[in-house]
Amino acid sequence: MKPPEHTATPGNDIADPVARPDAAAKCAGTARYLADLAVPGMLHARTVRSTRPRARITSRRLPPLPAGFFVVEARDIPGRNRIRMLDDDWPFFAEDIVNHIGEPILLVVGPEAEATAMIASRVIIEYEDLPPILSLDDALAGLAPPLYGEDNCFAEYSFHKGDLPQARRAARQMVKDGFSTGFQEHLYLEPQGVLAVPEAGRLTVYGSMQCPYYVKKAVEQAVGEGRHHVRIVQTVTGGAFGGKEDYPSLLAGQAAVAALKSGRPVRLVLDRTEDIAATTKRHPSRIDFTTFLDENDDLLGMDVDILLDGGAYSGLSSVVLQRAMFAASGVYRVPHLHVHGRVLATNQVPAGAFRGFGAPQAFFAIEMHLENIALRLGLDPLEYKLRHALRRGDRTCTDGLVRGAVRLPEMATRLCEAAGYPAKQAAYTAGQGRYRRGIGLSLCYHGCGFTGQGEELIQGTIALHKRADDAVEIRVAATEMGQGAQTVLPKIVAHSLGIPLDQIHYENPDTDIVPDSGPTVASRTTMIVGGLLREAALDLKRHWQSGRVMDIRRTYHHPPHIHWDQEHFRGDAYPEYAWGVNVVEVEVDLLTGLVRVIKIWAQFDVGAPMDERTLRGQMEGGIAQGLGYALWEKLEVDDGRVQQQRIRDYTIPTFMDMPPVESGSVYNPYEFGPFGAKGAGELTLVGVAPAVAAAVQQAIGCPVDMIPVTPEMILRRIRNRKHAKPDSEIPPESSPRSRSRADT
Amino acid sequence: MVTAFRPVTLNEALAIRRTHGTVPLAGGTDLMAAAPSCSPGRGESSPSIMFIGHLTELRQIRMEQGEWRLGAAVTLADILDHARLPAPLRQAVADMASPAIRNVATAGGNICNASPCGDTLPFLYAQAARVLLCDSGNRRELPIERFIIGPGKTALRPDELLTEIVFPAREFVVHRHHKVGARRANTLAKLSFLGLADMDAAGRLSDIRLTFGSVAPTVIRAPQLEQRLCGLPLTEMKHHIDEISAAYDGLIQPIDDQRSTREYRKQVCLNLLRWFLEELIA
């Protein structure tokens, strides 16, 4: 299928692909990543980590330290031993208590990397174990003392729409369903790393990161506010996916303190095992629905309960929960709604930001739930879903207004035609033999920009600097991390100014030069930062004086019609929404439980693509990561320890696993986005898992209520069905869930 | 610091082996992954190594007197490129790792690593392969199942090198190889199954070999069970499937680990066995 009509807009050639400015060096191997950087006099740091999920440190015994080697620990921190985040509960270094395996206790720093590692391996930490909370079940049981506050809950919210008790009374049918999702590891190709360089009165931290100003604030808090001029410079970043939103703040603070203590540059680079075992993951979830249908089988009311596993520290969990809650009723009109959500603390690796930020969990659950309702009613899932899908002028779950056109019906219809969905849906239910096929469908959206009040709090600011030679520098804190920011943002500026692309310069951000345009997260870079750049560029064009140096700044404010009440979660949770439809066909080998993905069809409404090839990269990359989340990326934490600690055991898909992907976009411009653009980075992952799970569920004829859908789980379900009564096959039927294992 | 030797001939390699012990490194794909870490400065002191992957004496693929003789440093890519080698071996190799790793990983390495999930091992057990072991003065041959003692353990002596792998150039009419891993490439087997069978003109099973990988410390093959099937008319076979399946159920004793579960491994082995036998009948 060809991507439809966005080229139909008069004069809009911004979507035509251009060469990525970062591609040549990355392909040739000449790009210099953090681990490639070395400066004279540089020291190497190695982390000594907790081996206990929850314990009191009773002693730290260091081996003899050769001259030039030293350790850095909590008491060396001149400022506050807390990472600056939403809620400052997370220490740079453990003090007397450790709360998860892998938590940093101290750094060994010295002139030789190998010797540093050797010394670190000989540091002996003695512990007195405390009763740990090793799973959501433990947290719910509440037997161990709380890890956070009095209720062990990092965040708890609820919101209402309509009158759910009334819907309950009026309902003809009630459907209950429950789902769970596992951890997911980012597995960016470049592990995390930073390099802190002290100079007189000034401290520069280089690093692989998404959010230079988050890092700046964290480092300032570590070294003491106002005592040093802190400068952060992003280095070439080999993938991030949200994993370099939060954790670089911790590493930068540690390296900065080590650099100040020694007066020498200090480099801290994680190896892969450390990175998998100790850095943040996607939150595991459990989501339960009680849904009420009216006399026409339509959705009348829905009660949703969301539980997230936040791990040991709160980090960004409260906002992840909010995004999950605002996606709880999916793309559907639900007149009466109650959504309740909690993030609980456990003695496991902290959960944090990950592409989709709570939405993938919620969309897996709501899409499977609607699928199950339709099947239970004997209706076609596509038809049932479209019947309830939001339309322009409808109210969102938080009573915000759907202002833009919603093109889901045509996207879904076109896609289902291309995939042969209706015929396959009917035929595959009665599959025979060893290999069984299934086809699944999902509808999703992704709120573009920060959740709730975020954009108003951050007030992202950008600058354009026109040099005397009439070249224009983009000054933003947005980072290139592989997603294509350095391709897309210069195109927006060049097209706005009407000057050639090679006249636009956009370097990796340096906080001494760029204003705080906000973090590179939340599918906000193109829409929010790009939107500001377009406004600034148009302004610059109006006042353009050749040969003169000119500077322009712009600060973001929501369009005036956007209203949000953070206290009651009421109004427009996002300024705009991007939409997606996925259809997935699979074949399951009943002898082995192995799932082969035959093909994926996907359609996205990202407003307008800013670069066709970059968008294709996002589509195929998001789909690959979504497939991994759905099928292969099993990460188990047993007794607080991550089991898959090596890249060979954590199975992201290879090219051999990737099916053909037929993807495209529809043109549906957003008035306040640059050239009509909305967000694209996260949307492409969000809807994959439920389409895969629905397809597998059809193929095996047993409920799939958890991801990843491993072969182990598939065979267990099939075997259990053989021993069960035939009518218990029909979903919804929640299965017993235990611990945080994904394949129980 | 690591001391490295790079002999020019096999004899020189054997002499170094006698005087220095040292770890032979052919492709290095298992040894590198087993090193404490690839990142700089995760220092354990390393023993010396000796490169042998380039030795021409170890890189030959020959057929002699009805037997294939593979040099220990023949790469997996060499095996794939050699169209006359048995199909089940080439299929097992095609399912291994990725092209880049197959370009350097070797036939001898896959044996000497003695991993329960070594992908060429089920074929070599099924074919009753032998390995040729040389030191600077002597040579001896061992059947594969006596060479591999347990996970990571072989009968290789400190002064020996495995130089050749020998197996009959015998093709089977029916061959089915299944590697079951977490994904389709670059993955270690959760389990694997290889079935080989021949029929005679009278429709009787004349030869059958059944091997299972990754489900015990070493590859499982039970010739006495295979013998019970040999000579059976295929029409009779269906009466024996339950009994054979139950016998293998007792032999297959896999473990739970970070890659899969005991329960899954066992069930899939038995599923694949049963499927193979049922397919023979059909």
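Within every chain, numbering begins at 1; the chains are lettered A, B, ... in the order of the sequence lines, protein sequences first and strands thereafter.
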Contact leader toward chain B among A:Ala35, A:Pro711, A:Ala120, where contacts are heavy-atom pairs under 4.5 Å:
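So the answer, after comparing A:Ala35, A:Pro711, A:Ala120, is A:Pro711.
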
Using a cut-off of under 4.5 Å for heavy-atom pairs, which of A:Arg434, A:Gln643, A:Arg646 has the most such pairs with chain B?
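Of A:Arg434, A:Gln643, A:Arg646, A:Arg434 has the most heavy-atom pairs under 4.5 Å with chain B.
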
Among B:Glu263, B:Lys190, B:Arg259, B:Arg274, single out the residue with the greatest number of heavy-atom pairs under 4.5 Å to chain A.
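Greatest number of close heavy-atom pairs with chain A: B:Glu263.
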
For A:Ile598, enumerate each residue passing the side chain to side chain contact (heavy atoms under 4.5 Å, CB included) test, keeping only those at least two apart in sequence or located in another chain.
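Listed in chain order: A:Arg437, A:Glu585, A:Glu587, A:Arg596.
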
So, A:Asp589 versus A:Thr592: side-chain donor-acceptor pair below 3.5 Å or not?
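Looking only at side-chain atoms, A:Thr592 and A:Asp589 do form a donor-acceptor pair, the distance falling under 3.5 Å.
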
What part of A:Pro191 lies closer than 4.5 angstrom to a heavy atom of chain B: side chain, backbone, both or neither?
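For A:Pro191, there is no contact with chain B at all, as no heavy atom is under 4.5 Å.
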
Ignoring hydrogens and angles, write down the donor-acceptor pairs under 3.5 Å from the side chains of residues 649-660 of chain A, residues two or more places apart or on other chains.
from	atom 1	to	atom 2	distance (Å)
A:Asp649	OD2	B:Gln258	NE2	2.9
A:Tyr650	OH	A:Glu185	N	2.9
A:Tyr650	OH	A:Glu633	OE1	2.6
A:Thr651	OG1	A:Trp632	O	2.8
A:Thr654	OG1	A:Met656	N	3.2
A:Thr654	OG1	A:Asp657	OD2	2.7
A:Asp657	OD1	B:Arg184	N	2.8
A:Asp657	OD2	A:Thr654	N	2.9

Any donor-acceptor pair under 3.5 Å linking the side chain of B:Thr211 with the backbone of B:Pro122?
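Yes.
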
